[in-house]
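Read through the structure below, which is laid out as structure tokens, and then see the notes.
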Amino acid sequence: MTADRNLPLEAARRFLLQGDVLFAEPYGTGHINHTYAVTCDQAGEPVRYLLQRLNTNVFKTPHGLMKNIQEVTGHIRAKLESRDLPFTRRVLTLLPVRETGACFLDDPELGFWRCYLFIEGARTYDVVEHSGQAFEAARAFGAFQSLLADYRGPALQETIPDFHHTPRRLEALKAAVAEDPLGRARDCEADILFALERAPLARRLVDLQAQGAIPTRITHNDTKLNNVMLDDATGAGVCVIDLDTVMPGLSLCDFGDMVRTACNPLAEDDADTQRMVARGDMFEALACGYLEGTEGSLLPVEREHLVVAGELLTYECGIRFLTDFLLGDTYFRTHRAGQNLDRARNQFALVRSLELQENTFMNRVRHLV
Ligand code: ADP
Ligand code: GN1
Ligand code: MG
């Protein structure tokens, strides 16, 4: 029924945008949602918007998720405004739907969509080029957390339950190995073993949390470096994006996922693991940037676990890629056969390199701890 329809164009026209919608092109490299840059003709000038079709296989409660994003962006916008800071590029701005005024379009034929102002003059990086970018990105993610520290609005909903509960991720891997619906386990025996051997690592943060040693805060939970936009002209962190997983969580998960992406010298799906050496300069820059952005709020016990957090979040992501490979690539978007297995191997090679360099990395940040 939808074969000859242009869904993004149809969806874009349902939002209250300035000017006539001209075209919509696929945009970005996210693994979950479908993202489009929409170009409008505004009195002869092209103006872009960022349109997304939410992946409702992954996000099962899209209305609650959008409520979270409205609350979080509203809170940050109000704070920036009260400090007389310009906010249109520093926080995501949702556009309303024409007929309903809602900040999302939930249409039985088109699907679930939202639209943001396009942040121009800034971009995201899949592979970080130099440590200055790591510093800026980490400072922006830290500042994001600081801005939300006094959020007292309606409780944010858990958009994906147990998102960073690594032991449960490991259990899901074991279940996938047992089920092995496509007979793929034989292709990745060593990778499965790598994951199983590190079961104690999976517990490190959840145990600290359960003991009350590290606090639960409002965190981003998906702090890969291409979820923050850096200014083209100055390189400064401009805006934290991809807010689907903002919910109560651990600062160390946010820090660890930055390590996972910024310290990786290779593309995330590059399985040439001989070349994997985790980058210490990036780690140091991340730690400095994050501690600056979080304005002294990280506890000593959190600072002591910065290296472990990197190992853990990289390990967790590797487990998730491997599980998805075994189950037939239904969660993370893939562009070629075996891509999730390559991603898992890349992550596990990074874990190994982080483990080997643990002391060196700790020494790099000793002055901050
Ligand atoms: P996913 O959840 O699939 O990762 P994201 O929300 O991260 O989707 O968006 C994918 C990409 O689109 C981002 O990496 C970024 O490059 C770009 N992007 C997202 N939001 C905006 C925006 N408001 N302005 C400009 N570019 C954006
Ligand atoms: C996904 O949505 P995106 O591409 O920014 C995933 C993250 C993973 C990441 C691995 C909601 O992030 O948790 O760490 O891929 N997001 C979700 O690259 O599962
Ligand atoms: Mg993203």
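None of the values given here were measured: they were computed from a predicted structure. Every number for a ligand or one of its atoms is a count from 1 in the order of the listing. This chain uses plain numbering: 1 for the first residue, then up along the sequence.
Counting only heavy atoms from C-beta outward, the side chains of L322 and Q347 never approach each other to under 4.5 Å. At least one side-chain heavy atom of T35 sits under 4.5 Å from a side-chain heavy atom of L50.
Ranking protein heavy atoms by distance to atom 11 (C) of ligand 1, first place goes to G28 CA, 4.0 Å. Given atom 17 (C) of ligand 1, the protein heavy atom at minimum distance is Y27 CE2, 3.7 Å. Nearest protein heavy-atom neighbour of atom 11 (C) of ligand 2: F59 CZ, 3.5 Å. Scanning the protein for heavy atoms near atom 19 (C) of ligand 1, the closest one is I241 CD1, 3.5 Å. Nearest non-hydrogen protein atom to atom 1 (C) of ligand 2 is I32 CG1, 3.8 Å.
Close contacts of ligand 2 with N227, meaning ligand atoms under 4.0 Å from a residue heavy atom, involve 5 (O). Listed by number with element, the atoms of ligand 2 under 4.0 Å from a non-hydrogen atom of Y331 are 11 (C), 17 (C), 19 (O). The C317 neighbourhood of ligand 2 comprises atoms 10 (C), 14 (O), with distances under 4.0 Å to a heavy atom of that residue. Contact atoms of ligand 1 toward N33: 2 (O), 3 (O) (distance under 4.0 Å to a heavy atom of the residue). In the vicinity of Q52, heavy-atom distances shorter than 4.0 Å reach the ligand 1 atoms 5 (P), 6 (O), 8 (O), 9 (O). Ligand 2 places these atoms under 4.0 Å from at least one heavy atom of D242: 2 (O), 3 (P), 5 (O). For ligand 2 and G30, the ligand atoms under 4.0 Å from any heavy atom of the residue are 4 (O). Taking a cut-off of under 4.0 Å to the non-hydrogen atoms of T35, the atoms of ligand 1 that pass are 8 (O), 9 (O), 10 (C), 12 (O). Taking every non-hydrogen atom of G30 and a distance limit under 4.0 Å, the qualifying atoms of ligand 1 come out as 1 (P), 3 (O), 4 (O).
Cation-pi geometry between R139 and F135 is not satisfied (NZ or CZ under 6.0 Å from the ring centre, within 45° of the ring normal). For the pair R114 and F112, the cation-pi test (distance below 6.0 Å, angle within 45°) is failed.
Side-chain contact annotation: T216 with Q209, donor-acceptor N/O pair under 3.5 Å present. Looking at D126 and N226, their side chains do bring a donor and an acceptor atom within 3.5 Å of each other. No hydrogens or angles considered: nothing links the side chains of Q52 and Y116 as a donor-acceptor pair under 3.5 Å.
The residues D329 and R343 are annotated as not salt-bridged, no charged nitrogen and carboxylate oxygen being separated by less than 4.0 angstrom. Look at E171 and K174 and you find a salt bridge, because one of the NZ, NE, NH1 or NH2 atoms lies within 4.0 Å of a carboxylate O, short of that distance. Taking the charged nitrogens against the carboxylate oxygens, R217 and D254 have no contact shorter than 4.0 Å, which rules out a salt bridge. Ion pairing between a basic and an acidic side chain is recognised when a charged N comes within 4.0 Å of a carboxylate O; E311 and R204 show no such pairing. Between D269 and R336 a salt bridge is recorded (basic side-chain N to carboxylate O distance below 4.0 Å). Between R123 and D232 there is no salt bridge, since no side-chain nitrogen of the basic residue lies less than 4.0 Å from a carboxylate oxygen of the acidic one. Between D231 and R89, at least one side-chain N (NZ, or NE/NH1/NH2) sits under 4.0 Å from a carboxylate O, which counts as a salt bridge. Salt bridge E71/K67: present, at least one basic N to carboxylate O contact under 4.0 Å.
The side chain of N227, and not its backbone, has at least one atom closer than 4.0 Å to an atom of ligand 1 (non-hydrogen atoms only; side chain from C-beta on). Under 4.0 Å from ligand 1, the heavy atoms of M229 that appear belong solely to its side chain. Using a 4.0 Å cut-off between heavy atoms, N33 makes no contact with ligand 2 at all. Here R343 has no heavy atoms under 4.0 Å from ligand 2, in either its backbone or its side chain. Counting heavy atoms under 4.0 Å from ligand 1, residue L92 touches it through the side chain alone.
Between H31 and ligand 2, a contact under 3.5 Å exists for at least one N or O pair. At a 3.5 angstrom cut-off on N or O pairs, E268 counts as close to ligand 2. Looking at L117 next to ligand 1, an N or O pair under 3.5 Å apart turns up. On a distance-only criterion, T124 and ligand 1 share at least one N/O pair closer than 3.5 Å. The shortest N or O to N or O distance between R320 and ligand 2 is under 3.5 Å. Of the N or O atoms in N221, none lie within a sub-3.5 Å distance of an N or O in ligand 2.
If you check each of D257, D222, D269 against atom 3 (P) of ligand 2, the one with the closest non-hydrogen atom is D222. The option with the heavy atom closest to atom 2 (O) of ligand 1, from among L243, I119, D242, is D242. Residue R260 holds the heavy atom nearest to atom 14 (O) of ligand 2 of all those in R260, E316, R333. Proximity annotation for atom 21 (C) of ligand 1: of N226, L50, D126, D222, L50 comes nearest, heavy atoms only.
In summary, an N, O or S atom of N227 is located under 2.8 Å from the Mg ion (ligand 3). For residue D242, an N/O/S atom approaches the Mg ion (ligand 3) to within less than 2.8 Å.
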Would you check, one step at a time, whether the test salt bridge (charged side-chain N to carboxylate O under 4.0 Å, His left out) holds for K79 with D150?
CA-CA 10 Å; K79 282 189 89 161; D150 63 348; 2.9 Å; yes
Could you walk me through whether R352 and T273 pass the side chain to side chain contact (heavy atoms under 4.5 Å, CB included) test, one step at a time?
CA-CA 10 Å; R352 197 173 274 125; T273 53; over 6 Å; no
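The aromatic ring centres of Y331 and H31 sit 6.0 Å or more apart.
No heavy atom of D244 sits closer than 4.0 Å to any atom of ligand 2.
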